[in-house]
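The block underneath contains the structure these notes are about, expressed in structure tokens.
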Amino acid sequence: MRIPLSWLREYVDLPAGETGRDVQAKLVAAGLEVETVEQLGAGLTGPLVVGKVLAIEVLEGFKKPIRYCQVDVGQANNTGEPQNIICGASNFAVGDKVVVVLPGAELPGGFKISARKTYGHVSEGMICSASELGMSDDHDGIIVLPPEHEVGTDAIELLELRDEVLDIAVTPDRGYCLSLRGVARETATAYGLPLRDPALLDVPAPNGYGYPVSVSDPVGCDRFTARTVVGLSPEARSPIWLQRRLQKAGMRPISLTVDVANYVMLELGQPLHTYDRSRVSGTIGVRRATPGEKLTTLEGVKRVLDAEDLVITDDNGPIGLAGVMGGANTEIADVAADPTSGESVGTTDVVIEAAHFDAVSIARTARRHKISSEASRRYERGVDPEATSAAAQRAVDLLVLLAGGTAEAGVTEVTAPSGPRTITMSADHPDRVAGVAYGRETVVRRLQEVGCDVYGQDELVVTVPSWRPDLSAPNDLAEEVIRLEGYANLPATLPQPPAGRGLTERQRLHRRVGRALAGAGYTEAPNYPFTSEEILDQLGLDSDDPRRATVRLANPLSDTEPVLRTTLLPGLLGALRRNDGRGEHDLALFETGLVFRAAATPDEVAVAAVRLPVDRRPSDTEIAALNTALPRQPRRAAVVLAGTRERAGWWGKGRPADWSDAIEAGRAVARQAGVELIVRQDQQAPWHPGRCAALLAVVDGQEVLVGNAGELHPRVIKTLGLPERTSAMEIELDRLERATPGPVQAPHVSTFPVATRDVALIVDASVPAADVEAALREGAGALLESVRLFDQFTGEQLGAGKKSLAYALRLRASDRTLTADEASAARDAAVATAVERTGALLRGA
């Protein structure tokens, strides 16, 4: 809402030296969002005067018509001689009054005016358009003034070119500030000054001989006022002051009748609609539309109405969308010359509508038909129902004054029964909300300044003013007291939370995993938790795969991603594909986060969510029932790799990323939980059936699958457009946490030397290396510090179906230096256990 400061001063006697910036500060302190203060006429200097066109010579031979004009500017040029001015506009004639800027002046934007030769003549100034003076964006032609203005009159003052305009972003709960009346009330309160309320008018009482109106939907329209003005002059134009106020407020002058309606709406906040009385047939009615009814609105669009649309009708059908836009069939006629008599003809009799409509109904109609009008904007936020009579009277007075009309004595007012709205509130309620001792007197005074009537002592009964539909609860009243007392005056206090226990073990594990993967060279790539069911097809998941049990969103941000993810891989693979497509081919990405699993098996029965109460705090049982209805949300970690894992350089050859790196990433994650993973071959989509590992952990004595790692299936890589040999790992952190043996113990650092022994074992090719390693660990006993597979060999020497696995054993005692016999005994025990468990044969034996 744009508020000209000069217009605001009509209702509040602001101090003489008060600027727009000063008013902005006061209003901001009172809770209004004043975004900017526009300085109109900044940089404008005269002489800028009224001139009269004495003669016009049309210059030929140019691309466009050029006119060489003689303009009388009186004594403004200190000579009294006419000014010779070149002008390209053609919307004026000899004898018209125009706005002339003379040499030495400066227009907005730093445009300095001087006499200069152009089109073969010297132009001594310029005849101005509205856009050149910063009045509007109208470039169609120059300003033609009414004939009554004297030549030489200062046009800066006449056109009110210098002013300050406050641009207020009105929030939905402050609909009353979409008017000068509302902002003036806030300004008067902020300054502690009296308000001259423009709605305080002498309004005649309703009678039985006004224009007939019938309201069949009192819920949608609880008040309808109709007034009639006849004998308007078709030639009457909006005076300059009225046009300028509309322009400063951001509206375009159209015609006197329409301008008056817009002016009253800006002044009082009550939208009006004017009908050409000669085009209205019979009684004006208010009802819901019949499905399929049609209405052509003012902008010329033919609309099919909905049964919920509230419409204004006459005997022939709909003539307007109530509170949104009028119909073209009753539009005020433009002034035109009668072809027979040559006299001006147009609308001479009008019916003025000032009504109060249901906010929700208007909002839905405006959105349904995609119309956002100034009227609907106000009705949606709440209009003062008591202002309809005053607004209609104000429009009548202006039309009588400016267009020479006559107000008919008939006054129609249809109202639905309603009473004042009251709120009961403890006098100390604002004190308890703000933590400040305001006291009863301050609370009562501030509420009265808002417009409330307050009764009572400790328990206040507050009658809310009609223009504040947003006040409906004690907290709303408390907010009014607090904002008027000043948010800046609220003491700054820090909360005193009880001492906590820090992060949970789950949170600590999550952070340790992220740090470990980042330290291993992975880049974190968080993704949105939304995905599509099509990506699950592209990953090759079976129809009974638990990851297909998705949770569908009721209102997804994107129709292409309507479900919550059940795996972290789609988002990571998408990020890898995008980066690879942008030239970054060596990639190692990771993500930790939640996945969402709906009930997928008979043991996982879906539970309907309970509706929590709003009049009290939900009980623990109700909250637990609500949590039960939520989908399972396990926390997971995942990595994806492609390209080179170790770069080549002067130090040697590089190495491409492969399935073993993905498995090692799983081990790195498990180590943060103090868990040693068991790695076995597996077949699981979307991994390659021959290069997929199952990551297992021991939970309560049982081996439990916690994740998978390996190279992706070639079909998945091709479908998703990924680099060749892309690998991935996904592991469930919650299961790892359950496998944790307890708090992670710091390792004991021995001061004694290590003893190393190598062992090579020949086993069947089908025997997993992990099983051999587990047997070696168990057989070596407490002296074993670590075991590492450093070589794998297959060949004719070993025989078909055989492989050789070479391990390095590190042995150390914490209290002594191991002898050669002790180290060899531990090695032999490890080999014996491996032979017994896996059928291994010691190579070279």
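Residue numbers start at 1 and run along the sequence shown. Because only heavy atoms are used, hydrogens play no part in the values below, and waters and symmetry mates are left out as well, while side chains stay in.
Here the closest non-hydrogen pair linking Ala392 and Thr225 is CB-CG2, 4.0 Å. When all heavy atoms of Ala261 and Thr274 are compared, the pair lying nearest together is CB-CG2, 4.3 Å. Nearest heavy atoms, Val450 versus Arg185: O-CD, 4.1 Å. The nearest pair of heavy atoms linking Leu295 to Pro318 is CD1-O, 3.5 Å. For Val400 against Gly405, the heavy-atom pair with the smallest separation is CG1-O, 3.5 Å. Taking each heavy atom of Pro420 and Thr463 in turn, the nearest pair found is CB-CG2, 3.8 Å.
Atom CG in Leu460 sits 8.0 Å away from atom OG in Ser426 (nearest 0.5 Å). For the atom pair CG (Leu8) and CG (Leu166), the distance works out to 7.5 Å, reported to the nearest 0.5 Å.
A distance-only check finds a donor-acceptor pair linking the side chain of Asp314 to the backbone of Gly317 [under 3.5 Å]. A distance-only check finds no donor-acceptor pair linking the side chain of Arg181 to the backbone of Glu267 [under 3.5 Å]. Using a distance-only test at 3.5 Å, with no hydrogens or angles considered, no donor-acceptor pair links the side chain of Lys97 to the main chain of Pro146. At distances below 3.5 Å, at least one donor-acceptor pair connects side-chain atoms of Arg279 with backbone N or O atoms of Glu331. In this structure, the side chain of Arg394 does not engage the main chain of Ala390 through any donor-acceptor pair within 3.5 Å. Formation of a donor-acceptor pair under 3.5 Å by the Ser373 side chain with backbone atoms of Ser376 is found in this model. Formation of a donor-acceptor pair under 3.5 Å by the Glu164 side chain with backbone atoms of Leu5 is not found in this model. For the pair Asp349 (side chain) and Gly231 (backbone), a donor-acceptor distance under 3.5 Å is present. Counting only distance, with no hydrogens or angles, the side chain of Ser179 and the backbone of Tyr176 share a donor-acceptor pair below 3.5 Å. Proximity of a side-chain donor or acceptor of Arg244 to a complementary backbone N or O of Leu159 within less than 3.5 Å is detected.
In this structure, the side chains of Val165 and Asp167 stay at 4.5 Å or more apart for every pair of heavy atoms. Here the side chains of Leu107 and Leu44 are in contact, with some heavy-atom distance below 4.5 Å. With a 4.5 Å cut-off on side-chain heavy atoms, Val443 and Asp431 count as touching. In this structure, the side chains of Pro198 and Leu180 stay at 4.5 Å or more apart for every pair of heavy atoms. Looking at Arg367 and Glu380, their side chains come closer than 4.5 Å, going by heavy atoms from C-beta outward. Taking the side chain as every heavy atom from C-beta outward, Tyr438 and Arg446 never approach each other to under 4.5 Å. Side chains of Met251 and Asp259 form no contact here, defined as non-hydrogen atoms less than 4.5 Å apart. Side-chain contact between Val219 and Asp358 is absent, with no heavy atoms from C-beta onward closer than 4.5 Å.
Of the charged side-chain nitrogens involved, at least one lies within less than 4.0 Å of a carboxylate oxygen, so that Arg223 and Glu386 count as a salt-bridged pair.
Enclosure of atom CZ in Arg377 by more than 12 non-hydrogen atoms of other residues, nucleotides or ligands within 6.0 angstrom is indicated. More than 12 heavy atoms of other residues, nucleotides or ligands shown are found within 6.0 angstrom of CD on Gln448. Other residues, nucleotides and ligands place no more than 12 heavy atoms under 6.0 Å from the CD atom of Glu150. Environment of CD in Glu299: crowded, with over 12 heavy atoms of neighbouring residues, nucleotides or ligands closer than 6.0 Å.
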* Report the C-alpha separation of Leu305 and Leu321 in whole Å, then their side-chain angles, then the decisive distance to 0.1 Å, and conclude whether the side chain to side chain contact (heavy atoms under 4.5 Å, CB included) test is met. => CA-CA 9 Å; Leu305 304 181; Leu321 273 175; 3.9 Å; yes
* Asked: side chain to side chain contact (heavy atoms under 4.5 Å, CB included) between Asn329 and Thr296: does it pass, once the steps are laid out?
  -> CA-CA 8 Å; Asn329 51 350; Thr296 300; over 6 Å; no
* Asked: salt bridge (Lys or Arg N to Asp or Glu O under 4.0 Å) between Arg174 and Glu186: does it pass, once the steps are laid out?
  -> CA-CA 11 Å; Arg174 296 290 173 84; Glu186 291 293 324; 5.1 Å; no
* Would you please test Val230 and Thr228 for side chain to side chain contact (heavy atoms under 4.5 Å, CB included) and show each step? => CA-CA 7 Å; Val230 299; Thr228 305; 4.0 Å; yes
* To do: Tell me, with the steps shown, if Asp470 and Arg381 meet salt bridge (Lys or Arg N to Asp or Glu O under 4.0 Å).
  => CA-CA 9 Å; Asp470 58 302; Arg381 290 161 173 77; over 6 Å; no
* Walk me through it: do Tyr379 and Glu374 pass the test side chain to side chain contact (heavy atoms under 4.5 Å, CB included)? => CA-CA 9 Å; Tyr379 280 121; Glu374 290 289 340; over 6 Å; no
* Assess whether salt bridge (Lys or Arg N to Asp or Glu O under 4.0 Å) is satisfied between Asp458 and Arg440, documenting all intermediate values. => CA-CA 8 Å; Asp458 295 337; Arg440 179 188 178 280; over 6 Å; no
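Shown are Arg368, Arg364, Arg303, Arg288; of these, the salt bridge (Lys or Arg N to Asp or Glu O under 4.0 Å) with Asp309 is made only by Arg368.
For Asp428, the salt bridge (charged side-chain N to carboxylate O under 4.0 Å, His left out) criterion is met by Arg432, not counting sequence neighbours.
Below 30°, between 30° and 60°, or above 60°: for Trp7 and Tyr263 the angle between ring planes is below 30°, a parallel geometry.
Listed by first and then second residue, the salt bridge (Lys or Arg N to Asp or Glu O under 4.0 Å) pairs involving residues 16-32 amount to none (not counting sequence neighbours).
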